[in-house]
Amino acid sequence: MVSNRSSVWRAMLGLVLPRGCASCDAPDEVLCDDCAGLLREYVTRPLPGSLLGVTFACGTYQGGLRRAVLNWKDHGDQECNRPFLAACDALIDAAQLPPVLRKLDAQVLVVPAPSSPSSMRERGRRHLWPIAKGLAHSLATRGIDVRAANALTIVRARGKSVQTSGAGERAARLTEHNMLGDRRKLAGKYVLLLDDIVTTGTTMRRCTQTVRQAGAVVVAGLALAATPQKSRVTAQCDISAT
Ligand SMILES: [Zn+2]
C-alpha cells in the first residue's frame, strides 16, 4: 500500500532529518504552538441518542488542522498522537465532562469509532487507539472508573453478491458495511465515543445506535475536528428563515 510505504519512508527520514510541524512545517516541532491553537477552537455537533446530546470537537476541519489530521491519520505521522491526546484531554475539561463521568453508576469506556477493514490495512494501525488509551488513563487519574475498549468493529456485509455488473453497483456493494458492537464489553457500561473527523455525523450516530443495541449508554462524542457547518446563506434558506 502506498500509505504504508510512505509512512515507513517518513519514519526512516525522521532518523536523519529534523521534522517540521505536521501542519505548517515550522522546524523542530511536532505541532507548533500556533497550529496547536487550532485544536482549542471548540465546536459541538448534535449527537441524538446520547446522554449529553452532543459531540465535542477540538476544532474545525479546515486549513492547518485538516493538514495536521491528514498527516497523522493517513501519512503515518504518529508523533501527533501526543499533541492530539493533549488536545482531547483539554477538550474533556472544557466540556466539563469529568464531574459528569464521576457521578455515573457504572464503568465508563472510551470507545474509538471503528475503521473499515480496508482502511485499517492501508494504515497498518488503529490510529485512534493510542488517544483512546491516553484519555482513559488521564480520566482514571481524576478518579473516574474508566478504560479504553475496542468494542466496535466494521465488517463487510455478508450475503452480498460477488458478481457485479458495473462500477456503480460495485461501489454500492463496497459501502455496505455492518457495524458490530461487542456486547460482552459494552453491556451495562457508559461510553465516550471517539472519532477523528465528524463530517455529516452519520458515523457517530451509527456508533451510538450500535452501542445502545449492545446495552450501553453513550454519554457524548469526542472528535479532533468537525467539518465546517454548511452555510445557511442560500436564497432558499433565507426565505425559509424569515
Ligand atoms: Zn505549525
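Just so you know, ligand 1 is whichever comes first in the structure, and atom 1 is the first atom listed for that ligand. Reckoned from all heavy atoms, side chains included, excluding hydrogens, waters and symmetry mates.
Under a 4.0 Å N-O distance rule, the pair R67/D25 does not qualify as a salt bridge. Here R123 pairs with D74 in a salt bridge; the nearest charged N to carboxylate O distance falls below 4.0 Å.
Legend: protein N/O/S atoms lying under 2.8 Å from the Zn ion (ligand 1), waters omitted, number 4.
A donor-acceptor pair shorter than 3.5 Å cannot be found between the side chains of T141 and S138.
Of all heavy-atom pairs between R142 and P98, the closest is NH1-CG, 3.7 Å.
Cluster annotation: L135 and L109 are assigned to distinct hydrophobic clusters (Ile/Leu/Val/Met/Phe/Trp/Tyr, side-chain heavy-atom contacts under 4.5 Å, transitive). A single hydrophobic cluster is seen to contain both L85 and F56, as judged by linkage of ILVMFWY side chains at heavy-atom distances under 4.5 Å, directly or through other members.
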